[in-house]
Amino acid sequence: MKTFNVVGKNIKRNDALEKATGKAMFSTDMNIPGMLYAKVLRSPHAHALIKSIDTSQAEKIPGVKGIATWGNTPRELFNTSATMTFTVPSMEPVLDQYIFDKVVRYVGDEVAAVAAISEKVAAEALKHIKVEYELLPAVFDPLEAMKPEAPIIHECHAGKNIPAEIVKFGMGDIEKGFAESDIIFEDVFKLPIQKQAQLETQAALAQVGSDGGITVWSTTQTPHPSRMIISKIFSTPQSKIRVLNPPYVGGGFGVRIGLSAKAEPIAVALSKLTGKPVKIVYTREEDFTSSDTRHGGYVWVKLGCKNDGTFQAMELKSALNAGAYCSFSGETPGVLGAMGLAVYRMEHMSYYGHSVYTNFTPSGAMRGFGNPQAMFAIEAAVDTIAERIGMDPLELRLKNIIQVGDNWCLPYTCGSTGLAECVEKAAKVIGWERRGTLNEPGSKILRGIGMGVGTHCSNAWPFCVDYDNAIITVQQDGSILLAVGVPDIGTGTSTTLPQLAAEAIGVEMSQVNMTFGDTLTTPFDIGSHASRTLYAAGTAVVAAGNDVRKQILEYAAVVMKIALERLDITKGIIHISGSNEAESCEGSGICRSGEESMTHISVRELVYHAHLRNKQFIGIGRTIPPNSPPWHAHFYEVEVDTETGMVKVVKVAAAHDVGKAVNPMIVEGQIEGGVLMGVGYATSEEIKISAKGKPLHTSYHKYLLPTAMDAPEIHAIIVESNDPSGPYGAKGVGECGMVLSAAAIGNAVYDATGIRFNEIPLTPERVYKRLQENKK
Amino acid sequence: MNTFKLTFTLNGEVTEVLAEPSEMLVDILREKMYLTGAKKGCGKGECGACTVIMNGEAVNSCMIPAMKAMGAVVETIEGIGNKDKLHPLQESFINEGAIQCGYCTPGVIMSAKALLDKNLDPSNDEIKEAIAGNICRCTGYVKIVNAVMSASQKIKG
Ligand code: FES
Ligand code: FES
């Protein structure tokens, strides 16, 4: 196997020092002279017409510099999500948002915004804006919202309140598949609305120059697509707009793929109105009520199986709660189906799914993007079938999982899988053989172990537009500047992408610096989402690295008078392949002489040699990523307290086939974080809604997300299948940790209690109620 | 506005700043002292991103009215180490991958420091308890707890 110098090493993160010392800059830290502060007036009603807005009293408050409403901001429709801005044909983009509209469609919808000399003054001014509403009927459940009597939230061509399209695909003959099955499991599962709850709320600072040029510092996960959206809203050429992270972003998890809710356009609109830079930072409550959530809703599964455990057919359906605006509601049901049908091999499959508008906070992208919803249902079906045919659920899974080259529903091939190895390794760590022997009769605490397997994507192609560019410019001093338009939202891309560049060129990590998250200094990149950054942007980085390496070697061959094929670059030294490159020629004088005897030269000296002869090495990578499935197996051990209904996850073994771990420490961190977010999804996190459409969980305290005290023992296990398509074999990892927790925890709780929960989170109330019912 | 002169010791230096009584310490630090290490994740005492050490205790600086900081000794992330001489906690967080987005990091480190200042031999559970008020959405806390543990070993020597 190829040995690497930089890839595969636990290189310390480039951003860690700044972050550990409090020096790292985030959007919320930004401060520029003359800056104003914005606050937003939000709808208290779930659905209403704005009959009038009177801002005159608010304008009189000293320190108020400008007030934006639907009347003085662009009437240009957009979608805050990146992908809906440029969907792949034949899908039509759904553009259903204005910065401010004359109709409000959920509690928290934007009505107006004030720019003032302080947040305090802006907040005070909001109280003096008088709005007259005419209430409209509202609907909150996706199934209700499809009924003929439900209010129309947006006109839709696909069906009543159905945004974008109904997604349908499959293979084989589903009816035939079920007819041939010995056993069929069928049920419906209900999923909650989960919140990303990233630590930095949505934020933006906008500055509009006197030439109309716009600069926006923001929390976006996708600076380039955000620039496209801003360009459309404000009819300003993209080339006059700069969107950048400052450079850090306090987490993403999908919540700002595209705009950071409406932080960017509100800041720009107010900056245009006032002629001053305007900063907006969402409060935590606003972040909860008025920025995208995970889709809740319904998933139906029907799984048919032979008595010997061979899967025959699976039918999957979904109806997801889109909330009041489309955002990612076109794509999420698609990914739910695609990932749900990609795990197991069988001849007959079908999927039918869509979202439904309701009068609630818009749902958008969140880590896993439909996949956790699908797997909660599917893995419950698999466990139930295993029990019915009397087979170990682990064996049943191993028997049916997709293998390389299998026919499946996805528009690309399965190029690698280490799933069987994931299952084997994680089963060992959790102690799968203990399953069934964990409980003493009469015990008040019931223990159980459950598992799940799954996959995901490594980018969004060919479902959405998805491509990358990378530029590597070798500076005159031999240092290397890598420019990629992705941000670092915490996933370590500002470390791992330079690792790939260093490996590709053959230089030390310390020689490579990177500019990222800035549309001015980087070429277009679709951004950080879909577990894509390392895999897809990494593919472009390796291409750029190879390009620059080739240029350097070609030049070196001439200077050194050695055949190109004989040359190699290692640790920054160009040398004859196989020779001891460590012995540097620097300072010996031969580097510059071009004598026959030259056997090696440092990149640094060669680059300067070239510079003196009017030449610079610039590598370009322009790639459309292939795609590849990262695989994972999760095992959870739980304790269920029969007196309180409390479900406690005590141990997790999470094995992930990441292709190749470019930086294992970072990979583990991704898995561990995903697992805990998944534990929250399965056991406590949910945004509920009042009868009038008011969200009931709008703060960290009300919304119970796991703290350190709730964190189980997590074993992140890395499996490397060396994917043929990914950079140095790597695949995606960012979302996978989150995909299987609800599924496997549901199975563990069943193992403990014998109760199958078709709805999460498994809160003490929900679990206690069923435990009591079971006793009767 | 009825401002008053707030005098307190900030990272070892006696500091004077004009403040409003209702102003919170986090805003004084961030807006007036330009020390943006302490972050604001909620402004309501629910996330710990704004944690600083005041008179030896880890506190949510978003819940400390300026008045209360009068005469206090306040330590922020900026005061406990720098790139040339890192605090052992900072070193461990960097070396052991305990930092992802980094938004929670200053707060977590300050909570952990308040613990280690008093207890150099904390158990896993004591560490978890000390940082229970610090929400981290990125890491799952695994590497954070490990980093605090190894920093305590390092300090003990
Ligand atoms: S900002 Fe102070 S606790 Fe969240
Ligand atoms: S590192 Fe992102 S919240 Fe902790």
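Just so we're on the same page: letters track the sequence lines, and every chain starts at 1.
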- Query: Got B/N2 and B/P21 here, is their nearest side-chain heavy-atom distance under 4.5 Å?
  - Reply: yes
- Task: Sort by residue number and list every member of residues 30-39 of chain B having a non-hydrogen atom under 4.5 Å from chain A.
- Result: B/R30, B/E31, B/Y34, B/T36, B/G37, B/K39
- Message: Only pairs of heavy atoms separated by less than 4.5 Å count here; which of B/I80, B/T76, B/N95, B/N82 has the most with chain A?
- Response: B/N95
- Message: When you compare the side chain of B/K40 with that of B/C47, does any pair of heavy atoms fall below 4.5 Å?
- Response: no
- Item | Plane angle bin for A/Y248 and A/F26 - parallel if under 30°, tilted between 30 and 60°, otherwise perpendicular | tilted
- Message: Other residues, nucleotides and ligands only: do more than 12 of their heavy atoms fall within 6.0 Å of NZ on B/K118?
- Response: yes
- chain A heavy atoms under 4.5 Å from B/I109: which part of the residue, side chain, backbone, both or neither? side chain
- NZ (A/K23) with more than 12 external heavy atoms under 6.0 Å: yes
- Message: Heavy-atom pairs under 4.5 Å with chain B: which of A/L705, A/V281, A/I666 has the most?
- Response: A/L705
- Message: Taking the side chain as everything from C-beta on, heavy atoms only, tell me whether B/Q90 gets closer than 4.5 Å to B/H87.
- Response: yes
- Given a strict heavy-atom distance threshold of 4.5 Å, which part of A/N31 is in contact with chain B: side chain, backbone, both, or neither? side chain
- Task: Go through A/A24, A/S699, A/G680 and name the one with the most non-hydrogen pairs under 4.5 angstrom from chain B.
- Result: A/S699
- Query: For B/D117, which residues count as a salt bridge (Lys or Arg N to Asp or Glu O under 4.0 Å) partner, sequence neighbours excluded?
  - Reply: B/K113
- Item | Neighbours of chain A found in residues 142-157 of chain B - heavy atoms under 4.5 Å | B/V142, B/K143
- Of the listed residues (A/A20, A/G252, A/A716), which shares the most heavy-atom pairs with chain B below a 4.5 Å separation? A/A20
- Message: Tell me which of these, A/M709, A/E200, A/K12, A/R284, has more heavy-atom pairs under 4.5 Å with chain B than the rest.
- Response: A/E200
- Out of A/A708, A/A16, A/G250, A/P706, which one racks up the most heavy-atom pairs below 4.5 Å with chain B? A/A708
- Partners of A/T222 by side-chain contact (heavy atoms from CB on, under 4.5 Å), sequence neighbours excluded? A/A82, A/T220, A/P225, A/S226, A/I257, A/H529
- Message: Minimum heavy-atom separation for B/F8 and B/V17, please, with both atom names.
- Response: CE2-CG1, 4.0 Å
- Where on A/T283 is there a heavy atom nearer than 4.5 Å to chain B: the side chain, the backbone, both, or neither? neither
- Query: Is it the case that more than 12 heavy atoms not belonging to B/K68 sit under 6.0 Å from its NZ atom?
  - Reply: no
- So, do A/I687 and A/Y703 sit near enough that their side-chain heavy atoms are less than 4.5 Å apart? yes
- Task: Sort B/S22 into side chain, backbone, both or neither according to what part of it lies under 4.5 angstrom from a heavy atom of chain A.
- Result: side chain
- Note on the structure: If you tally heavy-atom pairs under 4.5 Å between each of B/G97, B/G45, B/G43 and chain A, the highest tally belongs to B/G97
- Item | Part of A/Q196 lying under 4.5 Å from any heavy atom of chain B | backbone
- Task: Please determine, among B/I99, B/V108, B/I131, B/N124, the option with the most heavy-atom pairs under 4.5 Å with chain A.
- Result: B/I99
- Option in A/T491, A/T707, A/V675, A/D15 with maximal non-hydrogen atom pairs under 4.5 Å from chain B: A/T707
- Heavy atoms, side chains only, cut-off 4.5 Å: are A/Y636 and A/K651 in contact? no
- Item | Ring centers of A/H634, A/H715 separated by less than 6.0 Å | no
- Query: Should A/F253 and B/C138 count as side-chain neighbours, where that means a heavy-atom distance under 4.5 Å?
  - Reply: yes
